[in-house]
Structure formats: C-alpha cells, structure tokens
Amino acid sequence: MKIARIETFILGTGSSKDLLFCRVETEDGLFGWGEAYVTQGKEKVVAECVTAMAPAHAIRIGHRLAEFGIDWYEEPCLSENIELVAEVRRAVSIPIVTGEAIYTREAFFDCLARRAADILNPDICVIGGITAMLDIAAMAQPQAVVLAPHNYNSTLVGLAATVHVSAVIPNFRIAEYFVNFADLCRDISRESLALQDGWIELPTSPGLGVDLDVERLRAHPHQEATHRGFRQYWEEYPRRGYTPSLR
C-alpha cells in the first residue's frame, strides 16, 4: 500500500513543525489519523503511540507502518521498562522516539546504553532544566542519537529555555510547539518568541529573552485540566457486551 493523500485537519506553524495532525489515506481507500510536520516544504508523517502497546503488537504494526515511509515511531511501549522500547527498536526499521516520560539523567543513560531509541524527546520542564538537557544531549551525541525536545508546557518560558539549548547542541533535530497555547502566551507576555515559517529567532534580550506580564497572568488562575476521577471497574477492557471502536 502507498499513501495517496495527506489531509491536515489542524493547521498551524511551529518550530520546524507546521502541521500537528493529519488524515492519511492510502491508494486502497484505507485511512487513519496521525501526526505530521512540514520541513523544507515536504510533509512528514509520524506515528505517536502514547506507550499503548506491548512489544509484539508494536513490532507487528511497525512493520506495516514502514511501507508508508513514516518518519518516526514515537513511544510504542512504556518507557518505564525501557527494554520494551529497545525490543521494538531492534525489530523495526523506523526511527524510534522516546523520552517525554523519562525524568532523570540516569534513566536517559540507561536508555542510551540499551540502544533503545534513535531520537530522544526530553522535556526541559521535568528533567531538571537547561543543565540537565545539555547533559542528555552530550550523552546522546556520541551514540548518534538526536534530540527533538518535547514541549507540552507553553510557547513562552518552557519553549524559550528549549530554544536556547537547541541552538547550542550539535544533535538537535526539531522542537515541539503547541499552537493552541500561542495566543494565551502572547497575551500574558510583554516580550515573547518570534515565530515565522516554522523557525524561531534566538532571543537576544537578557535571560531567556521572554518577559511575563504578571497582572495579565493573574487574570488566568490555575484550573484543573480534567475532573475525571479514578477509572472504574466497568470501564476496563475487555468486558462482555463491549465492542472497541476508534470513533
């Protein structure tokens, strides 16, 4: 099977990542949803699995995905047991991404020692900041592993720190940019990052190059992202009378 058409359904621009989601249709009429980004005018489709599979299933699906020219295969298995991810990498030809749920230098060292990934996506806000990100990049570079930093934080302080690190490491690939945060972050800042055509200019003003407007920030107090409680027994799968659906 070959990809016949890629239709984006959320549009936006980001740090080398212009299209966040897409509908992929094959010549045989099959379709599915995925993530995509644009680099040098060419669409790249990536598979984000959210640690949802056991290695046997991740390998089987990875072999099917390979024929579509998928750019990378992200979090196929739980990174808490990094050997599961390494097992998939040994069996699948698509570059493997992991790291957004890895929180220490030591865990990244173990990931690299086991040759579990081709691309690491650490999040600067949870791994210990700029110094830790530099350490991880330095460990990865001799192993021919690149960084594509995770950034589900903001397009302001977290991204600014990520941008500065990305500018000085030799093994940077792309950085994540959530377009749905951009308007709010501009609203609460006196000075923010300048984004154009998927590129961010390195700030030259003091510090990280961004400045918060504290009074505007106070107008947006913290709110819980979800009010969902603990999963109940009737929500577990498999169960009698339940047919799983992707819709």
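The basis for the numbers below is simple: all heavy atoms, side chains too, and nothing from hydrogens, waters or symmetry mates.
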Using a 3.5 Å cut-off and no angle test, enumerate the donor-acceptor pairs between side-chain atoms of residues 134-147 and protein atoms at least two apart in sequence or in another chain.
from   : atom 1 : to     : atom 2 : distance (Å)
Asp135 : OD2    : Arg105 : NE     : 2.6
Asp135 : OD2    : Arg105 : NH2    : 3.3
Gln143 : OE1    : Arg115 : NH1    : 3.0

Between Phe181 and Tyr152, how do the two ring planes meet: parallel, tilted or perpendicular, split at 30° and 60°?
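Ring orientation of Phe181 relative to Tyr152: tilted.
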Say you draw a straight line from [atom1] of [X] to [atom2] of [Y]; how long is it, rounded to the nearest 0.5 Å?
| X | Y | atom1 | atom2 | value |
| --- | --- | --- | --- | --- |
| Arg60 | His63 | CZ | NE2 | 11.0 Å |
| Arg216 | Asp187 | CZ | CG | 5.5 Å |
| Ser192 | Asp213 | OG | CG | 11.5 Å |
| Leu202 | Thr204 | CG | OG1 | 8.0 Å |
| Ile102 | Phe109 | CD1 | CZ | 13.5 Å |
| Ile130 | Thr162 | CD1 | OG1 | 8.5 Å |

Are Arg190 and Leu212 close enough, and set up right, to give a side chain to side chain contact (heavy atoms under 4.5 Å, CB included), and what steps lead you there?
CA-CA 6 Å; Arg190 293 191 179 94; Leu212 294 175; over 6 Å; no
Where is the tightest heavy-atom contact between [X] and [Y], given as atom of each residue plus distance?
| X | Y | answer |
| --- | --- | --- |
| Val85 | Cys77 | CG2-O, 3.7 Å |
| Gly158 | Ile124 | O-CG2, 3.7 Å |
| Gly209 | Pro203 | CA-CB, 3.6 Å |
| Ala101 | Glu75 | N-OE2, 4.0 Å |
| Pro221 | Arg218 | CD-O, 3.7 Å |

Among the clusters formed by ILVMFWY side chains lying less than 4.5 Å apart, do [X] and [Y] turn up in the same one?
| X | Y | answer |
| --- | --- | --- |
| Tyr103 | Val165 | yes |
| Ile169 | Leu208 | yes |
| Ile188 | Val210 | yes |
| Ile82 | Leu84 | no |
| Phe172 | Leu112 | yes |

Does any N or O in the side chain of [X] come within less than 3.5 Å of the main-chain N or O of [Y], such that one atom is a donor and the other an acceptor?
| X | Y | result |
| --- | --- | --- |
| Thr104 | Ala107 | yes |
| Arg114 | Glu83 | no |
| Glu176 | Asn151 | yes |
| Asn121 | Glu100 | yes |
| Tyr73 | Val92 | no |

Less than 3.5 Å apart, any donor N or O on the side chain of Ser205 or Glu191 sitting next to an acceptor on the other?
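Checked: Ser205/Glu191 side chains pair up, N/O donor to acceptor below 3.5 Å.
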Side chains of His150 and Asp123: is there a donor and an acceptor less than 3.5 Å apart?
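Looking only at side-chain atoms, Asp123 and His150 do form a donor-acceptor pair, the distance falling under 3.5 Å.
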If you count the non-hydrogen atoms of other residues, nucleotides and ligands that lie under 6.0 Å from NE2 in His57, is the total more than 12?
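No, because the 6.0 Å sphere around NE2 of His57 holds 12 heavy atoms or fewer from other groups.
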Listed partners of Asp118 passing side chain to side chain contact (heavy atoms under 4.5 Å, CB included), at least two apart
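Side chain to side chain contact (heavy atoms under 4.5 Å, CB included) check on Asp118 returns Arg89, Pro95, Ile96.
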Side chain proximity check, Leu159 to Leu193, heavy atoms < 4.5 angstrom
yes
Side-chain contact test, heavy atoms from C-beta onward, threshold under 4.5 Å: evaluate it for Ser79 versus Cys111 and give yes or no.
no
Is the shortest distance from a Lys or Arg side-chain nitrogen in Arg173 or Asp71 to a carboxylate oxygen in the other one below 4.0 Å?
yes
What's the verdict on side chain to side chain contact (heavy atoms under 4.5 Å, CB included) for Ile127 and Phe108, showing C-alpha distance, side-chain angles and the deciding distance?
CA-CA 10 Å; Ile127 52 112; Phe108 276 101; 3.9 Å; yes
List for me each residue that meets salt bridge (Lys or Arg N to Asp or Glu O under 4.0 Å) alongside Glu106, sequence neighbours excluded, and say none if there are none.
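Salt bridge (Lys or Arg N to Asp or Glu O under 4.0 Å) list for Glu106, sorted by chain: empty.
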How far apart are the C-alpha atoms of Ser189 and Asp211, what are their side-chain angles, what is the distance that settles it, and do they pass the side chain to side chain contact (heavy atoms under 4.5 Å, CB included) test?
CA-CA 6 Å; Ser189 64; Asp211 190 15; over 6 Å; no
Does Leu65 form a side chain to side chain contact (heavy atoms under 4.5 Å, CB included) with Ile94? I'd like the steps, not just the answer.
CA-CA 8 Å; Leu65 289 173; Ile94 309 169; 3.7 Å; yes
